[in-house]
Structure formats: C-alpha cells, structure tokens
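The next block holds one structure in the form of structure tokens; read it before the comments.
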Amino acid sequence: MSFIHKKCRNSLYPSTDIQRFKVPDDKVAWSENFPEYTPIEYSSKFLTGKPWADPDSGDPNFKPLWNALDNNGKINRKSFLGIYDINENNQPLNPFGRTGISGRGLLGRWGPNHAADPIVTRWKRNSDQSVVLDEITRKPILQFVCIQRRDSGEWAIPGGMVDPGEKVSTTLKREFMEEAMNSLENKHQNMEAIENHINNFFQCGQEVYNGYVDDPRNTDNAWMETTAFNFHDETGDYVGNMNLEAGDDAKHVEWRDMSNALLLYASHKDFLTVVAEKHKAHW
C-alpha cells in the first residue's frame, strides 16, 4: 500500500468520545488477517432524515448503485480509486483499509463522499510590489486563501461537498464565495459584480489533485475524496486585493504564506506541496 491514512486512525472520532479501535500500520489493509478487529459502529443521528444523506444501510428501501452514478446521475458513487468492495452488510469498504471505526460516522454518503477544494494563490509582495523571496531558499513566496473551520478550529482550504447533480467547477466557485467572501450573508451592493468577477477568475484553474483524502471523519464504510484546483492570480490584481470575509462554515479567513511548516486539516498540506512545486515557489 503506497499510502496509509493517518488522521483517521488511532484517535477519538470527531465530535464524539468514541475511541477508534487501534490499527497498526501493518494491519490497515483488508487483505491482512486481523481477527481481533472489532470496531465500534457509529453513524451520527444528525444524518437521519437529511435530504443530502443516505439512509441506514439496513433500510430495505435503500438499493444504491455502488461504483456507479446513482439516482439518474445525481449521486456519484464512483471512486477515483477504482472499484471498491462491498461487505456482507451491503456496506462499501474503504479502499485504503481499516480506520478503527465502522458505519458512516459524520459523512452523508456510504462509500465515497465527493468534495472540491479551490486553492486560490497570489505572490507575496513588498510595499514596492516586488515579489518577496524566502531568505533561505531564495524562492518566491506564495500565499493562499486559508480559512479556520468552525467544526474543528483547524486551518484549511475553503472547500466543501459537491451537491447532487452539481459540476465540480460550480462547487469550487460556490464554496470559495460562501466561505471566503461570505456571499450567503453579505448584502454588499456590489456583490453581483464581485460574483461575476470571481466567475471569470474561476474559468482558468488547473487541477492539482483528485483522489482519496486522509480526513478525520473517514470510517471503514464512508470516506472523503476530492478534486483540488489551483486558481492563481499572477499579478495580484484579480482577487489578490479583494476583501476577504469569513462565512458559512468558516470562523476566520486570511491570506497565508505557503511553507512546509503549515499545519492544516486532512490532506490539504499535500495539495499545497503540489501547487508550490508547480509554481517553483518556496516550500
């Protein structure tokens, strides 16, 4: 296994006092014999009756099309990782193996839960508008729009879930507007013009990742996958000078320097590593 998830193992499950069953690195893969593995099954009651969430896997009316586009193409149950297995309880198995807890946890869908993460970047500049170079690496410093999540308090990229039937490109723009521009509550008279401005900017992104996310909400039967795009403002004149305002699921928002010292939510630091390499920036 080339990648072993870390943040969704051997810890308390988020927003609960449930301790995950301890899973050593050499027992993560389903192919490894682990007869003593008896994780607690947990699916949040908060999910019950939510229109965007699946019902319990034991519901006789729940007959999903695993590994396919379900509900007339509105629900994407395909994984970026290929075909995933289904256990005897009609529950998908996490392609990256055991997590120490079964059920759906806090995630709405059994199997893959698809998200989109917009990485909006600009160059850090001096007062004379020259690009700032790191004193040690002598490489230019990139900054990215960073939010503080309300649920965990961790800093992250302002992404979110892909709505049923929604294109990823729409999710990327919507999540940035809601979390970094507070578009849901902002009554600024120029908000429509701002949205049009952002819409034009979001036409020129480059995909930097699609796949599994080492998210603390992952379980044996439900997991996060994402598509991450980089939207770079080369001159800083497009969105680099716009006023950021935290909204929706964000407590705070700011431009933050990119470096290897960052501590970020889930796999977000890995995405930024790719962006830094792409722009030949300091890391």
Side-chain angles (χ1 to χ4, degrees), residues 7 116-150 152-160 169 172-183 186 188 190-191 193-210 213-214 226-283:
K7 294 188 177 181
D117 292 304
I119 305 170
V120 177
T121 56
R122 70 179 184 185
W123 295 112
K124 184 175 185 178
R125 296 181 183 274
N126 294 303
S127 57
D128 63 359
Q129 295 306 300
S130 61
V131 176
V132 177
L133 303 181
D134 180 78
E135 293 182 356
I136 297 176
T137 66
R138 304 310 297 167
K139 290 184 177 181
I141 297 174
L142 271 178
Q143 295 182 314
F144 74 107
V145 175
C146 188
I147 65 160
Q148 185 178 30
R149 295 174 60 103
R150 288 188 185 277
S152 66
E154 294 176 273
W155 290 89
I157 298 164
S169 58
L172 289 162
K173 184 186 71 172
R174 173 175 56 78
E175 288 296 331
F176 181 79
M177 289 297 299
E178 290 177 1
E179 296 192 347
M181 303 296 294
N182 196 21
S183 62
N186 199 326
H188 193 284
N190 293 326
M191 182 51 67
I194 292 173
E195 289 188 16
N196 290 334
H197 189 72
I198 293 293
N199 186 56
N200 291 332
F201 178 66
F202 270 69
Q203 298 299 314
C204 55
Q206 293 190 4
E207 183 176 311
V208 295
Y209 180 82
N210 65 62
V213 180
D214 186 14
T226 198
T227 302
F229 271 75
N230 176 215
F231 301 92
H232 180 61
D233 187 353
E234 179 66 25
T235 65
D237 295 330
Y238 217 94
V239 296
N241 293 324
M242 296 183 72
N243 292 325
L244 302 177
E245 182 178 343
D248 194 27
D249 296 328
K251 291 174 61 177
H252 302 289
V253 60
E254 63 184 45
W255 287 98
R256 179 164 289 198
D257 294 357
M258 285 174 49
S259 79
N260 191 41
L262 289 169
L263 296 176
L264 297 175
Y265 181 81
S267 302
H268 291 188
K269 184 176 178 179
D270 296 335
F271 308 159
L272 295 186
T273 302
V274 176
V275 173
E277 291 176 353
K278 174 182 176 296
H279 292 286
K280 296 180 174 56
H282 166 69
W283 185 253

Open item on the list: Rounded to the nearest 0.5 Å, what separates atom CG in Asp257 from atom CZ in Phe144?
Closed with: 9.0 Å
Open item on the list: Within the 3.5 Å criterion, strictly below it, is a donor on Ser130 or Asp128 matched to an acceptor on the partner's side chain?
Closed with: yes
TODO: For the pair His279 and His232, name the ring-plane relationship: parallel under 30°, tilted 30 to 60°, perpendicular over 60°.
DONE: tilted
Open item on the list: Go through it in stages, so that I can follow the logic: the residues are Lys7 and Tyr265, the test is side chain to side chain contact (heavy atoms under 4.5 Å, CB included), and I'd like the CA-CA distance, side-chain angles, deciding distance and then a yes or no.
Closed with: CA-CA 9 Å; Lys7 294 188 177 181; Tyr265 181 81; 5.9 Å; no
Task: Taking every non-hydrogen atom, the tightest pair across Leu172 and Phe202 - done: O-CE2, 3.6 Å
Task: Note, Tyr209 side chain near Val275 side chain (heavy atom, < 4.5 Å) - done: no
Open item on the list: Using side chain to side chain contact (heavy atoms under 4.5 Å, CB included), reason through His268 and Glu154 one step at a time and then give a plain yes or no.
Closed with: CA-CA 11 Å; His268 291 188; Glu154 294 176 273; over 6 Å; no
Task: Asp249 side chain to Arg150 backbone, donor-acceptor under 3.5 Å - done: no
Task: Side chain to side chain, Val239 and Phe231, heavy atoms closer than 4.5 Å - done: no
Task: Asp117 side, atom CG; Ile157 side, atom CD1 - distance, nearest 0.5 Å - done: 5.0 Å
Task: Any side-chain heavy-atom pair of Trp283 and Leu272 under 4.5 Å - done: yes
Task: Straight-line distance of Glu179 CD to Cys146 SG, nearest 0.5 Å - done: 11.0 Å
Task: Inter-residue atom distance Asn196.CG - Phe201.CZ, 0.5 Å rounding - done: 15.5 Å
Open item on the list: Side chains of Ile141 and His282, heavy atoms from C-beta outward: is any pair under 4.5 Å?
Closed with: yes
TODO: To the nearest 0.5 angstrom, please state how far the CZ atom of Arg125 sits from the CD atom of Gln143.
DONE: 10.0 Å
- [ ] Drop me the distance from Ile119's CD1 to Met258's CE, to the nearest 0.5 angstrom.
- [x] 7.5 Å
Open item on the list: Would you say that Lys124 contacts Leu142 through its side chain, given a criterion of any heavy-atom pair below 4.5 Å between the two side chains?
Closed with: no
Open item on the list: Taking CG in Asn243 as the centre, count heavy atoms belonging to other residues, nucleotides or ligands within less than 6.0 Å. Is the count above 12?
Closed with: no
- [ ] May I ask you to check whether over 12 heavy atoms, not counting those of Glu135, lie within 6.0 Å of atom CD?
- [x] no
- [ ] Could you tell me whether the side chain of Ser259 and the main chain of Ala261 form a donor-acceptor pair under 3.5 Å?
- [x] yes
TODO: Examine distances only and state if a side-chain atom of Lys269 and a backbone atom of Leu263 form a donor-acceptor pair shorter than 3.5 Å.
DONE: no
